[in-house]
Structure formats: structure tokens, C-alpha cells
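Chain letters run A, B, ... following the sequence lines, proteins first, then strands; residues in each count from 1.
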Number of protein chains: 4
Amino acid sequence: MTYRAAIIGGSGYTGAELLRLLSTHPDIDVVQVTADSNAGAAVASLYPSLAAAYPGLEYGPMDPAAVAGLDLVFLAMPHGASQGFAPQVIDRVGHVVDLGADFRLPAAEYTRWYGDDHTAPELLDRFAYGLVELGRPEIAAADHVAVPGCYPTAANLALAPLFAAGLVEPTVIVDAMSGLSGAGRGLKVASHFSEADESVSAYSLLTHRHTAEIEQVLTKVAGKPVTALFTPHLVPMIRGMQATCHAVPVGAGLSTESLLATYREFYADEPFVVVVDDPPPTKAATGANTCLVTVRFDERTGRVLALGVLDNLVKGASGGAVQNANVVLGLPEGTALPTVGMWP
Amino acid sequence: MTYRAAIIGGSGYTGAELLRLLSTHPDIDVVQVTADSNAGAAVASLYPSLAAAYPGLEYGPMDPAAVAGLDLVFLAMPHGASQGFAPQVIDRVGHVVDLGADFRLPAAEYTRWYGDDHTAPELLDRFAYGLVELGRPEIAAADHVAVPGCYPTAANLALAPLFAAGLVEPTVIVDAMSGLSGAGRGLKVASHFSEADESVSAYSLLTHRHTAEIEQVLTKVAGKPVTALFTPHLVPMIRGMQATCHAVPVGAGLSTESLLATYREFYADEPFVVVVDDPPPTKAATGANTCLVTVRFDERTGRVLALGVLDNLVKGASGGAVQNANVVLGLPEGTALPTVGMWP
Amino acid sequence: MTYRAAIIGGSGYTGAELLRLLSTHPDIDVVQVTADSNAGAAVASLYPSLAAAYPGLEYGPMDPAAVAGLDLVFLAMPHGASQGFAPQVIDRVGHVVDLGADFRLPAAEYTRWYGDDHTAPELLDRFAYGLVELGRPEIAAADHVAVPGCYPTAANLALAPLFAAGLVEPTVIVDAMSGLSGAGRGLKVASHFSEADESVSAYSLLTHRHTAEIEQVLTKVAGKPVTALFTPHLVPMIRGMQATCHAVPVGAGLSTESLLATYREFYADEPFVVVVDDPPPTKAATGANTCLVTVRFDERTGRVLALGVLDNLVKGASGGAVQNANVVLGLPEGTALPTVGMWP
Amino acid sequence: MTYRAAIIGGSGYTGAELLRLLSTHPDIDVVQVTADSNAGAAVASLYPSLAAAYPGLEYGPMDPAAVAGLDLVFLAMPHGASQGFAPQVIDRVGHVVDLGADFRLPAAEYTRWYGDDHTAPELLDRFAYGLVELGRPEIAAADHVAVPGCYPTAANLALAPLFAAGLVEPTVIVDAMSGLSGAGRGLKVASHFSEADESVSAYSLLTHRHTAEIEQVLTKVAGKPVTALFTPHLVPMIRGMQATCHAVPVGAGLSTESLLATYREFYADEPFVVVVDDPPPTKAATGANTCLVTVRFDERTGRVLALGVLDNLVKGASGGAVQNANVVLGLPEGTALPTVGMWP
């Protein structure tokens, strides 16, 4: 059968990437895409790249009633908007896959990092946290999914094997770099070409909200509280994300070889995580739903260094969303998800 | 049935792009890929982006005997190399699809623009010139194809409707811009990041070899000799090509509206040429096999302005090659050829 | 003596570039810089690069009274704003140097290209058109200057020697490329990093307002009406501008050698125009007040090809403004104007 | 008086940047510039940006005899070459300022990180380590200077105040990002435009040679052994360097405010180090000899985060070299060193 889907808030980059990926999905039909300020515009006018696949599609207005009866609703809205929209549709559709942050964290943690009270806390239990590689059974058993943030996806996939094996202390450092598409299509000075090009900028020092997701996931994997010092940087490219992660071993006896073996075993059955020997360039994942990771033990300083790269719009957002949709629908997990990147 | 194919000279960018596109082709299996200096290397070591689709594939040595019996051989060699290799394989394989310049021009014209005598002129008649939109019947009837150059593809698709309708004088001006991937993977100062980034450079003034293909195709379409002054520019991006073309009307009565109508009718049945109203950004074609064109009549100066954009590695090279392969094999022309680009 | 200067509308890129250049000017002190929406902000908060030279400087509000008595006022306002501001200050300051378009064209021509009636036509005669190389005496004799647009500066310096020598027909084609800084600091989708990066876009087909300046200057140089078909393109870099220009000879006997000689003689005494043999990359001018030009005669098509490159923010805007300020103040023309670019 | 200088190995990027900076130096005349493979070429042919300042200058051959009697010799040679060249000239010139790594470390440490035995260990004591802000008296007292590496300059200026005040434990983590110009003008795949653009790559994991300089300087500042885990990343821009540094406090009581005050006091008299409140973008330093630093104390994890940015070719190489030259010559330290960057 073919599942009928809507994309709510589809005029941003994650919405456009959903349209790109789903254009090749044999089992999911996008029957509706909505936007707020862009309602009434042709999809092809904002994204000429999509004209061939969606020649007549227009952004509709935000209307919860219009999605009633659909099998699947992707929410690609600004952070904070999903908790207002989801309550109006969650009982009228098969599955909600939310790409925003609203249903990723417990209410108290949400308020701590995002500043506002959560307005739909009663729905939180109905969403699984959609980092498939670390929670496939819970996701398959859930109706609705909160797709993880891009930075946490990269960092957690890079660090999880260490915590799963109990190899490291519970404080980690994550220095990460993201291309500008992660900042979205909304206009701001930091994303203005002449400001962003030929520059690197650290931002949100000590307070970036994705810290909460890094800590939540690693805490679950470790079975005890993990804290993270997370520092993101904007780098002048469109797509791509690098997480460079540091941890301290709990005991002796580690080596790069043993760590690589641990990683290879941990991800042996995962189609979208590739353990590599050399430090992977982010370009290896451009356009693909792949996360590449590697790891080192530094004998000089006694520290562990773990690296993860991905395409923030694919594995870090819309590809992750499609992967989750496949899981909740019971489809082959890799449907419509490229593993071959675009190089150069 | 599945056709067995080889890619000769597959370690360059057009070779890698063939591997990317063919990874989704249901009817063509790449059973061999060769390289010269990179023989013995894993494909995944040069292109980590291809690791998932070709995990164990290695570049083999250049060996004409090894391709004997294959259905299809793509030649992705440096210009000048095909004419040495093709004679050794052309009678032992089903189809040769050459991405180089060696079989695009008559021998005299080749010598005029490339400087050297052609060493296999007797094979020239066995290759069709593979600009499918302007020569589909000849290609379908041929065994072997010379895939057009990237610049000529953009310029000729932008200008052909004018000459087909006899609307313009036989001298045209083409100012074109290309991303750096068009210059290939070979190292040279002009492609060094710190030299090429943040700069535009015109090059090969008056003498760029692709001029010959522009003139040859437009002459055929016009039915009388056409000359072109072609000026290419390198611009700091990886993929993408813009042809900005100028022509002088032969008579009165043109308008932008009439020209757009002429273009829409000319390309009405073409899946890979999209006539648009607004000037298309090259990004609209990134990763896709699409060429977008538009046209204007300038009442002030009485001139015609025609624009074409494409991805130089897809429609301008490897995508065009796959399109031709589909035609000579009798497969649906669009197989494995994306029409959705990657934006952003 | 030291001249006291203000920069009105100094929070945009041309204002910032004026501050950069004037920080090394021994004879001009910037005593005031104003901004509209950014009034009250520290210069160093918008431009950390300027912190060392202007540690305490803040943007003041737009106040015509506050500039009374100054020797020099640079207007770096949005197009259309100067004609409202200039009448309030022109008789209270020594010199007005306007970087906008308001005083570059006769009133009727202004209205034709900019759409609105000019609100201060009585002032137009008091401004000289500041393309110094083609009008030094008029500028030196004037009190006030309208600094030329970036595209016209590049195109006119590339084409002027042809028209001065009466070598070409009166219709020219100019295909030009600009970095994104030419679009200013104002936020818009076309300047958003993820939209502009990795793409080339033609824009303002047939109607770009700089066409008027190209025609005005070349008409003056030629002594008879010249028309231009001007097509600008955005390319993904911050600074840099390329004008690729085409003209048709009026007679026989041209050669590349003769044209280069004509150019060298024409610009023999110009410190900021460099005639080069090879096509110059825009990078050669980055950060410098230099325009590099070259020229070719194409025997095949019988056409002349002329190229000009410059840094749109320096020679194409703020550097040109300082050059004009030096001229009207009677200072050495090259004061505070770098001729060495930043490479890489 | 005017000092006569040579630049040995002047065809690379640090050589070109020396020429750019020294073109405005009133007291230093570059009378000779040499190159190896580029000997005989015009400086302006490799760097058109330098044509105006050095119109007739050509690269000469490497000839130790030719520099005899000069006041100053800059060595901008590949790493490993200075130790062969310096012995031939050190007693025949006033001052050697070496931009390479050969005279930065003790012989044993050099061998440990660079792999080869040092061939001129007897000269090591005659070179001061030229991080002026942390060793001005020793440099002023020395005849010759080894200019620090780019990464160590950024990291050490970001971390030094912490160690000078005894605030942190002796193991630090440095994650750093560099533009491609840091990799030089030599052709390699990693610096090829289509490979480097739109990608981030970590490299030299655990083994980057600049680790030795970070440890050496911080050990000296701390008065006890410091070790560093240093991980560099290439990011797709030409110039700019970011050092994101992590340290663990030795005691309680730190705050971001106290740390910023410590930094401001430490650098109070330094013209080229600017302590800022917000995380500085690398663009703030483009083209300038400035290093911008900031610092945070993270109460959640109890860690210190210190950031430093600079232009790798200026403060990280050629600007640092000129600063050192000014010191050893007794000139005002800031001569010919811009503090205003180029933005955008």
C-alpha cells in the first residue's frame, strides 16, 4: 500500500530535503505540504531543484483539519511550534514524525534548556526519541517520533560505543562544526553570505540546547549520568557536520585498535553508520544518510578521541526523519535513503 | 537482462559520478573500473562517498583485453587517450560511450582545435554525437557515442531553438562560467583551493576547444555555418555551469513572450530540459541531469539573450553519458538519472 | 591640515570599507559615522575587524545638522536616500562624496532607470561623475562627486580605450560577475549563504540600472550614442567583479597586439589601472584600488573582447570614493589607497 | 636607516604575505626574493596582486652568497630546509627570521616530532622562539628568531593567561580549525578545490607536529610540564584559524567574569591581542596581525573553555615574522602591521 503523508512547515530546508528524499520513496506519497509565510507559493519557486518532481505542488496554509486521516505527518516547523500543532492532529493521523525539538526531552529538561514551559507535556510519552541506531525497538513500538537534533546525532553516534562498553568517565567534551544549512532558511546576519563565508565562528558557548540531547542519550546508554561541554562552530559550507569528541578512560588497557574493534562490533549491523580507519571528511556524507565515525586512543595524554561526520540535512534531520518513518510504518528501513554521497 | 559495464579511467570526477549514478541503475552493473596511476587503490579510499555502494571495488589496471565481452564500456579518460584505447576494444564490446573529446569532431576539426593528428580517424563514423535532445535518432541507431562537452551542452541547448527556427544571425557570443570540478581531479595551480576560492578567472580566451562543438552543433541545427566567440570563466564552486549567450535577430517581430513560446514548444517532450521564466540559478541543477534554459528579447538593443544552466558533472558529463547509454541499450532514457537537484 | 569627515549610512559594507581605508589616511579624520537602524551600536560590534582602529566609535543617528562645518561628507546610504539628505547638508559642508546612484545621471535618465522622479534635480549639476580616470579635470573642478557604480567602473575602464580611439561600433555587450558583497549587508534570500554558495545566478535581465551609467560614460567617451546590453551574475565569493565585454570593430586592421598597445598608451599615467597580457583573476585586486584590464581581437569572428576586474568594494565603491575625495581636496590621489591586493 | 632584507623561499604563501606586508614598511627594503622551482619567474606572474608594488621583481635562485651583508633574511622555506640553509648565512647577515619549524624546538624534541635528526643543532641556541607576547625580552636580546607555527600561536595566546596564573591542570585539549592557505601553495589532493570546498576534515590525529610547540610554550609559562591533545581540522576558507581549548581548573572559585578580567590584565599592554566578550569570528582578523581571545568557565561541567582566532598567514606566520623583525631591529613593534581586518 501507499502511505499518504503531509509535510507541515515545508518551506524550510528540512522540508525541502524531505521532498527531495521522498520523491524517490515508492511507498510514501506527499499529498500536502504547508508553509506559513510562504503559503500560496509554488514549491518550484522556492526550490527550482524540485520542479521536475513536484511540478504543480503549492504550499498550503497551516490547517490541522486538512491533515486528518493521513497516515503520516512530518512536522518541519520552527522549534516551539510543534507543541502547539501536534495536539490538534496527533489523534487524527497515523504517525507524527517531528523534526523539531519539542518532543525530544522531558518537560523539565525542555524548560531548562529552551526557557519556556512545555505546553503539551501530556504528549511527551507518546513520542519515541528517534535515534534509530540506539533505540530501534522503542521507535518501532511507538506511534510517533521526535527526530534527534543534528549535533546530538553526530556526537552520540561517535560516543555511544564508549559508554555502552563502560570504557570512559561520565564527562565528555564535544567540539562540533556545522555548515550553514543547519541554521535554516530564515534570514539573519550570521547566515548572510558575506558574513559567513571565509570565517569560522564559535557560538552559543556553554548554552547550546543540543547539549541536553547529548547528555540524555549518553546517560541512557551509560546507565548513569553523563555531562557534556558542547561547543558548536559555524564553518563556511552548506552541508556537513563534524563532531570531535573527547573522553577520559576509566581504566588502563585501551588502544586505538581495541577501540576500533569495539566500534566495528557495535555498529556491525547498522546500514547507516560506517566505522572507518582514517578521519572521515564531512564530504563523504554529502547528500547521504550516512554517519561515518572513527576513534583513537592517545597514549601520550591518556585520552580517547572520537569523531563523527554526517550531512546535517540528511542523517541529521530529514534523512533521519524518513528512516524513522520507515521504522514506524514497518517498511524496509533504508527505503529512499541514499548511502552514496555526492563527491565532489 | 542486466548489462555488464566497465568504466575506464574511473578515478577522475566523471568516473566517480558515473559510479554514483550507476549505483541506482537496475539494468547496468559496473563490473570493472580501471585507473592509471591509481590502479590498485580502493574506490572507497579516493571517494569515501562511494564506500557504501562499492565496498570492495578496486581500480584495476588499464587492460583492453579485460573488457572483452562486456556490453558497455564508458571511457572517462583524459582527452586524447580514448583514440588510443578505443581501437583496442570497439569490436570486442557492445557499446563504447566516450566522455572525452576524441570522437566528437571530424578529424580535421579535431586537429584544428586540439593540435594533434587524430590517430583513429577510421572510427569517427561509428560514433554518434551524443547530445540526445538534438540527435536522438542518430544516437539510437549508433553503436557508440561521443558524449558532448559540458560547455557545448549548456550553450547548444540554450541556443538551439533560435537556430532551429531560423531566428538569428550566424554569429553568437557565449560567455560561460564553470565550477572547478569541470577542471577535473588532476592537480594544478588554477584548481588549488586558495587560488580558485574567492576569485573569478576568464581563461583560454578565443581558443577554448569547446568552441568547435558549439559551432558544429549549431551549424547542423541551423543548416548553415555558425561561428561562436566563446569565453569560459572559472567561478569558485564545485559543480554548476552557466552559459550566457547572445545572438542577433534576422528580422523584426521578436518578443520575449514569443521566444519563450518557441522554446517551450521546442523542448515540450524533453524530460531533461526545463524552460523557465526567470533566470535559473545553477543550483537548481546540482546533482540532477537537468538543463534549465530561458530567453529574452531586448528591445533596447535588438538582441536575443539566451541562458542555460546545468551540473557540469551530470548533464554536462556522466549524466549525459548514462542518458546516451540508456538510448543505445534501448532502455527508458531516464533510468538512474535524477531530475531533482540538491538544494541547498 | 587634517580634514574632518563624516560617513553617513556607515553601517553597510561600503561604510565599513571607508572606515578600513580611512584608518590609514594621514589627512582625513573620520569624526562621525551615522547609521539608521544601527544607531547607537558600536562600530566594533558590527565589524570586529575595525575594533583596533576605532575602539570607541559608535554609530550616531542621521542628523544633517551634526555634519555642518565638516570638510567632507561621504554618503553611503541606500540608493534613493542621498537625494533627500544631500540638500540638507550640501551648503554646510566642504564636499559631498556620494556612493549612491542619486547624482550619477541626469534627472530624466534617473527616472527612466530607477522608476521614481528625482527629488533634488537642482543639485545634479553640482556633482561631477567620479570615474577619475575618465574625468579627472571635471572632478578636480567640482565641489561634489557622485562615485560610479561598481559594474560601470569595471565595464567602462575595460571599454573606454576602444571608444576613445573610435575603433568599435556603438553597441556593446557586457556580461559581468559580482561577489555577494556587492549586494550589501541587507538581508535577503539571494544573499543567504546556503542559497548563494555553490551557485551562479544571472539577474535583472535587460533592466539592471547600471546599464545607464555604462551607456552614459561610453557615449561621452565616444562622442556619439552608445548602447549596452548588460547582464550581471552573482557568483559565490565575497569580493570581486569581472566585466567581460564585447564590441564589433568599425574597420579592418585590428589585432590583439595593436589593441594592447592602445590600452597601454591610454592608461600609461594611471596608477590604478593596470593593463595586463593574460586574463586577470579578480583575486588580483582583492582589497586594492586597482582595476586590471586586458583585450583581444578575435580573427575568427572579427570581434573585440575586453576584460576588466576589480574589487567591487574598493575601486568599485569605497576606494573610488577615497580617490575622488583626494582629488577634490587636492591631496595626492593615491593616499590611503592600497595597490597591493591580498593573495591568497 | 633602511634595512636591506631578503626573502628566501619567497614563492609560497608566507613569502607572498611578507611581500604584501613589507610593501608598506618604511624601514625595510626587500632587495632580494628567491625561490626554488620558480626561480626566474616574475613575482607578478605568480601573484598579480603584488604587481603594483614590485613591478620588476623576479625570483632569484637559492644562493647563500647572494645574501651576505644583508641586515635581515627571512626564511620562508619548506620545513626542514632552513637547517640546511641557515648555517651558510647566519654569520654573514644581521638577523635571520625563520618562518619554518627548524629552530623552534630543542634537537631531541625536533627529532621526536619531525622524525629526522636535526642537522644544525649547534645553531638552536642562537634563535629565540618568537611568540613576542610571551617572550619579548628574549627576542629583543637575540639575533635570530624562529617564528612560531600558526596553530601554536592561536592556542598558546588563548591558554597562556590560565597557566601564567596557575589556574588549570597540566593537560589541555585543543581542537583547531584552519583555512587552506595554512597548507601552503604546494599542490596536493587535500588542497584541491573540489576536494576541500564544502567539507571539513580532521587530520594528523594525535601526531600533528605543532603539538610540540603548544606543550613547550605552555610548559614554560606554567613552570611545569604541560601536555596537549591537539586535533586540527581543515575548513573550506582561505585564511583564518580557530583554536578551541579546554582545561580543568586546579581549584574552585573561577567564573567567566574573573577569567575575562585575568585575560584583560594579562594582555593589557599588547597591541596585537584583543580580549573580547563574545566568541570572535576568524573574519575579525582577516589580513590583520591581531589575535582575538575570549574565555569561559562552565559551571555545569567545571571546565574552562578558551578561544583564540587569528589570520594564519599574518599573526600566524608572516605578520608574526615582521613583528619579530621589528623587535630584533629595535623598530616600533607595530610597523607595517595592520590591526584592521578586511570585513567582509
So, the part of C:F193 with a heavy atom under 4.5 Å from chain B: the answer is neither
Applying a strict 4.5 Å limit to non-hydrogen atoms, the region of B:T211 in contact with chain C is side chain
Under 4.5 Å to a heavy atom of chain B? For C:I238 that would be both
Bottom line for B:I173: the part with an atom under 4.5 Å from chain C's heavy atoms is side chain
If one checks every heavy atom of B:E195 against chain C at 4.5 Å, the contacting part turns out to be both
The interface call for B:V200 against chain C, heavy-atom contacts under 4.5 Å, is both
*Does the side chain of C:H233 pick up a donor-acceptor pair with the side chain of B:D175 at under 3.5 Å?*
no
Under 4.5 Å to a heavy atom of chain B? For C:E198 that would be both
In terms of heavy-atom contacts, B:S199 and C:P281 come closest through OG-CB, 3.5 Å
So, the part of C:T231 with a heavy atom under 4.5 Å from chain B: the answer is side chain
Taking atom CD of C:E169 as the centre, report whether more than 12 heavy atoms of other residues, nucleotides or ligands fall under 6.0 Å from it.
yes
Ranking B:M177, B:R239, B:M241 by heavy-atom pairs under 4.5 Å to chain C gives rank one to B:M177
Bottom line for B:A228: the part with an atom under 4.5 Å from chain C's heavy atoms is backbone
Interface check, chain B: of C:T256, C:L205, C:T227, most non-hydrogen pairs under 4.5 Å belong to C:L205
Rounding to 0.5 Å, atoms OG1 (C:T171) and CZ (B:R300) come to a distance of 9.5 Å
Max heavy-atom pairs within cutoff under 4.5 Å with chain B, candidates C:P236, C:G240, C:A285, C:G302, goes to C:P236
Do side-chain atoms of B:K283 reach the backbone of C:D197 as a donor and acceptor pair under 3.5 angstrom? yes
When rounded to the nearest 0.5 Å, the distance separating CG of B:L206 from CZ of C:R303 is 13.0 Å
Looking only at C:V235, C:V309, C:L229, C:T207, most heavy-atom pairs under 4.5 Å shared with chain B are made by C:L229
Greatest number of non-hydrogen atom pairs under 4.5 angstrom with chain B, of C:E215, C:E299, C:H192, falls to C:E215
Looking only at B:P280, B:P279, B:P344, the option with the highest number of non-hydrogen pairs under 4.5 Å against chain C is B:P279
Applying a strict 4.5 Å limit to non-hydrogen atoms, the region of B:L307 in contact with chain C is side chain
